[in-house]
Each structure stands twice: as structure tokens, then as C-alpha cells.
Amino acid sequence: DYSTGNVDFKGSVHVLGNVISGFSVKATQNIEIEGLAENCYLEAGGSINIKGGIVGGKKGVVKSGKDITLLFAENCYIEAGSKVIVGDVLNSEIFAGDRILAVSGNGRVVGSKLCAKNIIEANIFGSPTDTKTYLEVGHEPKSMLKLKNLQLEQAKNKNILQEINQKLAVLEEQKQTNGLSQEKKALYDRLNFAITELRKRIEFMSAEIEELEAAMSFGASASITARKKAYPNVHIKINNNVYVCTDELICPIFYENEGEIKLGIYR
């Protein structure tokens with residue numbers, strides 16, 4: 001709070017009270033908070049434990065290289081290298097490199113987006129008012145984001161390459177007919193150099209995209225489980241397959257089999 005200011009520490013940090021709005025705690029190892037976290041910024045190289053949960057006010061951010069454990073998450077963004085263990089999740093985004101478990105207390109996930117590589121499990125998904133809730137497993141979230149960004153940049157580079165080729169074609173025609181002025185010759189050389197560099201970049205990124213896609217295709221079998229109930233308007237995505245709940249489902253397990261999302265029963 002105002003008595004301590006922000007904390008940026010090489011090691012672990014133990015907060016005996018709350019972390020209030022607008023403040024940040026960064027640690028190269030672990031962070032433990034005995035009270036609540038508000039719309040603050042928390043980042044740890046190791047694990048984070050928030051015993052009182054987080055009320056993020058749509059600005060709270062929690063990032064951890066390993067695990068994150070908290071009582072509840074409301075209006076915040078959470079990112080963990082391995083797993084997230086939480087109670088209720090309301091209007092939040094949670095990304096985990098392994099799994100997300102929202103099974104303590106009521107264990108409700110409502111109006112949120114949860115993404116994990118292997119497992120998402122909660123007591124209840126959605127609400128009786130059919131609040132839209134997104135759940136996604138099958139690919140490691142950071143890899144998905146990296147792949148998406150690479151694909152966007154690749155498309156942009158290809159568009160630029162096409163534009164340069166068009167300009168170069170005009171100069172090439174002028175060169176063959178009337179020759180080029182000193183200024184246009186300099187431009188001609190610059191465009192040729194840019195094309196060479198762009199092609200190298202596109203080739204490098206294509207290899208990176210191919211490597212990421214190959215790695216993601218060998219992911220572990222993934223599943224999404226509601227121990228008690230899943231309400232309508234819960235959107236399930238496993239790898240590239242999508243299922244939208246249109247009915248209230250009791251104790252469903254969603255998994256992928258032969259390119260389709262199947263339903264089992266949690267016992």
C-alpha cells in the first residue's frame with residue numbers, strides 16, 4: 001500500500017496484509033499474500049499464493065512462472081506457467097501451461113475465458129442465466145498466442161513483399177525502355193535489397209510456424225470436466241473442435257475422439 005510503495009525484489013515476497021489498487025509486487029521467486037489483492041499487478045518467477053483471492057476491477061494482472069493458487073478470481077487476468085488452483089471465477093481470463101482447477105468452495109466459472117493445455121475442471125460452468133463462458137484446452141496458451149502472432153506477421157510480410165514486387169516491376173519496365181535516373185536507380189537497388197531481406201524473414205518464420213504447429217499436434221489428451229453442472233451457452237473448444245452447450249448438462253466430461261468432441265459422465 002502507500003506505506004510500502006511498489007515492491008520489486010530478487011527473491012520471495014510475503015505480504016502479511018492486502019495489496020491495494022494501483023500497486024505492484026514483483027519477485028524473482030515466490031509471492032505469498034495473506035489477504036486480498038485488488039486491481040494490482042503481481043508477477044513472480046516461481047509460484048503465487050493469494051489466500052484472500054483477487055478483486056481485479058478489470059485491471060488486475062497476476063503472472064507466474066509456475067503455479068497460482070487463490071481463493072477466488074473476479075475481473076482479472078491470470079497467467080501461470082503450470083497450473084491454477086482457484087475457487088469461483090467471475091468475468092476473468094485465466095491461462096495455464098498445464099491445468100486449471102476451480103473445485104474448491106462453490107467452484108463456479110461464470111462469464112470467463114479459461115485456456116489450458118491439458119485439463120480444465122470446475123464444479124459448475126456457466127449460470128442459470130446462460131452467461132457466455134469460454135473453455136479451451138489442447139494447446140499450450142503461450143504457444144497458441146505465439147503462433148497467431150507469427151501468422152499475422154507472416155501475412156503482413158507477404159503483403160509488403162507483393163507491394164514491393166509491383167513497384168519493382170514498374171521500375172524494371174522503365175529500366176528496359178528509357179533507363180533509370182540516378183534517384184530511381186538508388187530506389188531500384190533499395191527495393192531489391194528489401195525483397196531479399198523479406199524473403200529471408202518469410203522463410204525463417206515459415207520454418208518457425210511449421211515447428212510450432214508440429215509440436216502442438218503432439219499434445220497430450222485434453223479434457224474439460226464439470227463435476228456438478230454445465231449450463232447452456234458454455235463454449236467448449238478442444239484443439240480445433242468446438243462444442244456449444246444448448247442444454248443443462250449434469251456432471252459432463254468433454255473430450256476429443258476421432259476429430260469430434262464427445263461427452264462422458266464424471267463420477
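This is a predicted model, so every value here is computed, not measured. Start at 1 with the first residue, then count along the sequence.
One N or O on the side chain of N165 and one on the backbone of L161 form a donor-acceptor pair closer than 3.5 Å. A distance-only check finds a donor-acceptor pair linking the side chain of S112 to the backbone of V110 [under 3.5 Å]. The backbone N or O of R108 lies less than 3.5 Å from a partner atom in the side chain of D88, making a donor-acceptor pair. For the pair S64 (side chain) and K66 (backbone), a donor-acceptor distance under 3.5 Å is present. Under the 3.5 Å distance criterion, the side-chain polar atoms of N18 are left unmatched by any main-chain donor or acceptor of A37. Judged purely by atom type and a 3.5 angstrom limit, S92 has no side-chain atom pairing as donor or acceptor with the backbone of Y77. Side-chain N or O atoms of N91 include none that pairs as donor or acceptor with a backbone N or O of N75 at under 3.5 Å.
Interatomic distance, N6 CG to D8 CG, rounded to the nearest 0.5 Å: 9.0 Å. To the nearest 0.5 Å, atoms CD (E208) and CG (L147) are separated by 10.0 Å. To the nearest 0.5 Å, atoms CD (E256) and CD1 (I261) are separated by 7.0 Å. Taking CD1 from I250 and CZ from R227, the interatomic distance works out to 16.0 Å, rounded to the nearest 0.5 Å. Interatomic distance, N233 CG to Y134 OH, rounded to the nearest 0.5 Å: 7.5 Å. The structure places CD1 of I54 at 10.0 Å from CD of E74, a figure rounded to the nearest 0.5 Å.
A 4.5 Å side-chain heavy-atom check between L168 and N192 finds at least one atom pair inside the cut-off. Side-chain contact check for Q174 versus L180: some heavy-atom pair is nearer than 4.5 Å. In this structure, the side chains of Y231 and P128 come closer than 4.5 Å at one or more pairs of heavy atoms. The side-chain heavy atoms of Q162 and Q166, taken from C-beta on, include a pair separated by under 4.5 Å. The side-chain heavy atoms of K117 and D98, taken from C-beta on, include no pair separated by under 4.5 Å.
If you chain together hydrophobic residues whose side chains sit under 4.5 Å apart, L90 and V234 never meet in one group. One hydrophobic cluster, built from ILVMFWY side chains closer than 4.5 Å, holds both V15 and V62. A continuous path of Ile, Leu, Val, Met, Phe, Trp and Tyr side chains, each step under 4.5 Å between heavy atoms, connects I202 with I160, placing both in one hydrophobic cluster. Cluster membership for V109 and I124, using ILVMFWY side-chain heavy atoms within less than 4.5 angstrom, is not shared. When hydrophobic clusters are built by joining Ile, Leu, Val, Met, Phe, Trp and Tyr residues whose side-chain heavy atoms come closer than 4.5 Å, directly or via intermediates, I236 is grouped together with L263.
Minimum interatomic distance between A226 and F125 (heavy atoms only, all atoms of both residues): CB-CD1, 3.6 Å. Heavy atoms only, all atoms of each residue included: A116 and I120 are closest at CB-CG1, 4.0 Å. Nearest heavy-atom pair, V84 versus A96, reported as atom, atom and distance to 0.1 Å: CG2-CB, 4.2 Å. Of all heavy-atom pairs between E93 and F95, the closest is OE1-CE1, 3.6 Å. Between L150 and M205, the shortest heavy-atom distance links the atoms O-CE, 3.3 Å. Contact between G87 and A102 at its shortest, heavy atoms only, is O-CB, 3.4 Å.
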Table please: side-chain donor-acceptor pairs of residues 19-33 below 3.5 Å, with sequence neighbours left out.
unit_1 : atom_1 : unit_2 : atom_2 : d
S21    : OG     : E38    : OE1    : 2.8
S21    : OG     : N39    : OD1    : 2.3
T28    : OG1    : G11    : N      : 2.7
Q29    : OE1    : S12    : OG     : 3.4
N30    : OD1    : S47    : N      : 2.8
E32    : OE2    : K51    : NZ     : 3.2

Exercise. Going through the checks in order, is the side chain to side chain contact (heavy atoms under 4.5 Å, CB included) test met by L70 and I68?
Worked result: CA-CA 7 Å; L70 64 166; I68 296 175; 3.7 Å; yes
Problem set entry | From CA spacing to verdict: side chain to side chain contact (heavy atoms under 4.5 Å, CB included), L152, K156 | CA-CA 6 Å; L152 288 171; K156 184 180 176 182; over 6 Å; no
For this session: Might you work through the side chain to side chain contact (heavy atoms under 4.5 Å, CB included) test for L114 and T133, ending with a clear yes or no?
Result: CA-CA 8 Å; L114 273 57; T133 303; over 6 Å; no
For this session: May I have the step-by-step check of side chain to side chain contact (heavy atoms under 4.5 Å, CB included) for Q154 and S206, ending in yes or no?
Result: CA-CA 8 Å; Q154 184 76 308; S206 294; 2.7 Å; yes
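At a cut-off of 3.5 Å, with distance as the only test, a side-chain donor of H14 or E34 sits close to an acceptor on the other residue.
For K83 and D67, the salt-bridge test passes: some basic side-chain N is under 4.0 Å from an acidic carboxylate O. A salt bridge does not link K200 with E203: none of the charged nitrogens is closer than 4.0 Å to a carboxylate oxygen.
Atom NZ of K59 has 12 or fewer neighbouring heavy atoms from other residues, nucleotides or ligands inside a 6.0 Å radius.
Listed by first and then second residue, the ring pair (Phe, Tyr, Trp, His ring centres under 6.0 Å) pairs that reach into residues 248-267 are Y243-F254, sequence neighbours excluded.
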